[in-house]
*Asks:* 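Quick one: the structure is below, and I'll ask about it shortly.
Sequence lines set the chain letters: A, B, ... in the order given, protein chains first and strands last, and positions in each chain run from 1.
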Amino acid sequence: MPELPEVETVARGLRAVLPGRRILSVRLGKTDFIDDPAAIERELPGCRISAVHRFGKFLLLDLKRPTGSGVQFSLQIHLGMTGQILTCPPEARIPPHTHLFFALDDGRELRYTDIRRFGRIRILTNGARETLLAEFGLDPLEASEEEFDASIHSRRARIKALLLDQHVLRGIGNIYTDESLWRARIHPMRLGGKLKEEELHRLFTSVQQVLKEAIRLRGSSVSDYVDSNGQPGEFQLRHRVYMREGKKCFRCSTLIRRASVAGRSSYYCPRCQAAPRLARKKRKVHTK
DNA sequence: CTTACGGCCTGGGTGC
DNA sequence: TGCACCCAGGCCGTAA
């Protein structure tokens, strides 16, 4: 499941090979995950890729038209859960569920494969780009501690929901939420606004450490994730709670539990991460 | 306005 | 061997 560290790894890999390359032609398979497939086929051939960015969990390929004004726009890619984007020789075996092929001017091919097609691809014009950037929250690695605190402290929702909310922080998903909360020893059902200063500090530090370590290990490969060279990451070997239900906590040996919080499977240590009182059943309103 | 929740999209893995 | 069901993340509608 590509989250910030996985998308960052992919972005770095693509950044090493794509800038300067020209897209010669485009071939599409299934297109129900593409906003406007006809526009992709029409607009992209001939364009030169000028830069590769990560924005939250999105990849942005900046493109420059060959003609006249050299107008710039971007291809916005969200990998969803099972999306893979990589470059390879055109004769390489085509894996099932590969739906997008870009022939490049260095003789290689850029391909997009997505088993579930939960990913999304669309053309992003400059106007829409500003709108997109404004809609999303802080980049957790760029945010200051003050900004981080302010975005959590004013909120009443559960901390798990806040960390997952791309409009609060951009790029964090289920894996890195649970791993960060475990490191910070905070229960996923705690309310954002009720976290103490010390807890917010631990959380800020934990989020940044987890993301940085995961980037260093090139992401977590739990299902289909591979980088732009087709290689898996290694951070899944360092997971402390995610998918470890019934196994021993690395700190206290209590058995890790799983509960549904904010509609997501959440893994936590019931001893290290004390539950808030509100996590119990809602009090029934007593009449008479 | 904020928050919670359920349904939808798809198909691989699991369990019977 | 087959097959029904669960689940994943983002998004949307609805309700409180």
*Asks:* Using atom names, set out every protein N or O paired with an N or O of nucleotides 11-13 of chain C below 3.5 Å, distance rounded to 0.1 Å.
*Replies:*
none

*Asks:* Answer yes or no on whether A:Arg170 is positioned over the face of A:Phe136, meaning its NZ or CZ is under 6.0 Å from the six-membered ring centre and within 45° of the axis.
*Replies:*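 No, a cation-pi geometry is absent between A:Arg170 and A:Phe136.
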*Asks:* Under 6.0 Å between ring centres, would you say that holds for A:Tyr225 and A:Phe235?
*Replies:*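 No.
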*Asks:* Strictly distance-based, threshold 3.5 Å: is any side-chain N or O of A:Glu3 a donor or acceptor partner for the main-chain N or O of A:Tyr176?
*Replies:*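 Yes: the side chain of A:Glu3 pairs with the backbone of A:Tyr176.
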*Asks:* Would A:Arg244 and A:Trp182 count as a cation-pi pair here, with the cationic atom under 6.0 angstrom from the ring centre and within 45° of the axis?
*Replies:*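 Cation-pi check for A:Arg244 and A:Trp182: fails.
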*Asks:* Would you confirm whether A:Glu199, through its side chain, and A:Ile186, through its main-chain N or O, come within 3.5 Å as a donor-acceptor pair?
*Replies:*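 Answer holds: no.
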*Asks:* Any idea how A:Phe58 and A:Phe55 line up, ring-wise: parallel (<30°), tilted (30 to 60°), or perpendicular (>60°)?
*Replies:*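 Parallel: the ring planes of A:Phe58 and A:Phe55 meet at under 30°.
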*Asks:* What is the distance, to the nearest angstrom, from the CZ atom on A:Phe33 to the C1' atom on C:dG10?
*Replies:*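 Going from A:Phe33 (CZ) to C:dG10 (C1'), I get 16 Å.
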*Asks:* Measure from CG on A:Leu163 to C1' on C:dG9 and round the result to the nearest Å.
*Replies:*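 Taking atom C1' of C:dG9 as the reference, CG of A:Leu163 is at 16 Å.
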*Asks:* Whole angstrom is fine here: how far is it from CD1 in A:Ile77 over to C1' in C:dG9?
*Replies:*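 Taking atom C1' of C:dG9 as the reference, CD1 of A:Ile77 is at 18 Å.
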*Asks:* Going by heavy atoms closer than 4.0 Å, what residues in residues 230-237 of chain A are next to DNA chain C?
*Replies:*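 Going residue by residue through residues 230-237 of chain A, none turns out to have a heavy atom under 4.0 Å of DNA chain C.
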*Asks:* Between C1' on C:dG10 and CD1 on A:Ile172, what's the gap in Å once rounded to a whole number?
*Replies:*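 My rounded result for the distance is 16 Å.
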*Asks:* Under the salt bridge (charged side-chain N to carboxylate O under 4.0 Å, His left out) test, which residues partner A:Asp139, sequence neighbours left out?
*Replies:*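 Testing A:Asp139 for salt bridge (charged side-chain N to carboxylate O under 4.0 Å, His left out), a comparison that skips the adjacent residues, returns A:Arg54.
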*Asks:* Nearest whole angstrom, please: distance from the P of C:dG9 to the OH of A:Tyr176.
*Replies:*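 It works out to 12 Å between those atoms.
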*Asks:* Can you check whether A:Gly233's main-chain N or O pairs, donor with acceptor, with A:Arg218's side chain at less than 3.5 Å?
*Replies:*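 Between the backbone of A:Gly233 and the side chain of A:Arg218 there is no qualifying donor-acceptor contact (under 3.5 Å).
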*Asks:* Is there a side-chain contact between A:Ser265 and the phosphate of C:dA8, meaning an N or O under 4.0 Å from OP1 or OP2?
*Replies:*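 Looking at the OP1 and OP2 atoms of C:dA8, one of them is under 4.0 Å from a side-chain N or O of A:Ser265.
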*Asks:* Determine all donor-acceptor pairs shorter than 3.5 Å in which one atom belongs to a side chain in residues 96-104 of chain A; sequence neighbours excluded.
*Replies:*
unit_1  : atom_1 : unit_2   : atom_2 : d
A:Thr98 : OG1    : A:Pro95  : O      : 2.7
A:Thr98 : OG1    : A:Thr113 : OG1    : 2.8
A:His99 : ND1    : A:Lys30  : N      : 3.1

*Asks:* Decide whether A:Ser74 and A:Arg129 meet the rule of one side-chain donor and one side-chain acceptor closer than 3.5 Å.
*Replies:*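 Short answer, yes.
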*Asks:* Output one letter per nucleotide in nucleotides 9-16 of chain B: B when a protein non-hydrogen atom lies under 4.0 Å from the base, S when only the sugar-phosphate is that close, - when neither is.
*Replies:* BBBB----
*Asks:* Mind listing the side-chain donor-acceptor pairs of residues 19-29 of chain A below 3.5 Å, one per line with the distance, residues two or more places apart or on another chain?
*Replies:*
unit_1  : atom_1 : unit_2   : atom_2 : d
A:Arg21 : NE     : A:Asp105 : OD1    : 2.6
A:Arg22 : NH1    : A:Gly46  : O      : 2.7

*Asks:* If you check every side-chain atom of A:Arg156, which of B:dT2, C:dG10, C:dA8 has the closest atom?
*Replies:*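 For A:Arg156, the side-chain atoms sit closest to B:dT2.
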*Asks:* Write down the distance between CG (A:Asp165) and C1' (C:dG9), rounded to a whole number of angstrom.
*Replies:*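 The answer, rounded to whole Å, is 13 Å.
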*Asks:* Which whole-number value in Å describes the distance from A:Ile159 CD1 to B:dT2 C1'?
*Replies:*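 The answer, rounded to whole Å, is 16 Å.
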*Asks:* Starting from C1' on B:dT3, measure out to CZ on A:Arg155 and report it in whole angstrom.
*Replies:*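 So the two atoms are 9 Å apart, to the nearest Å.
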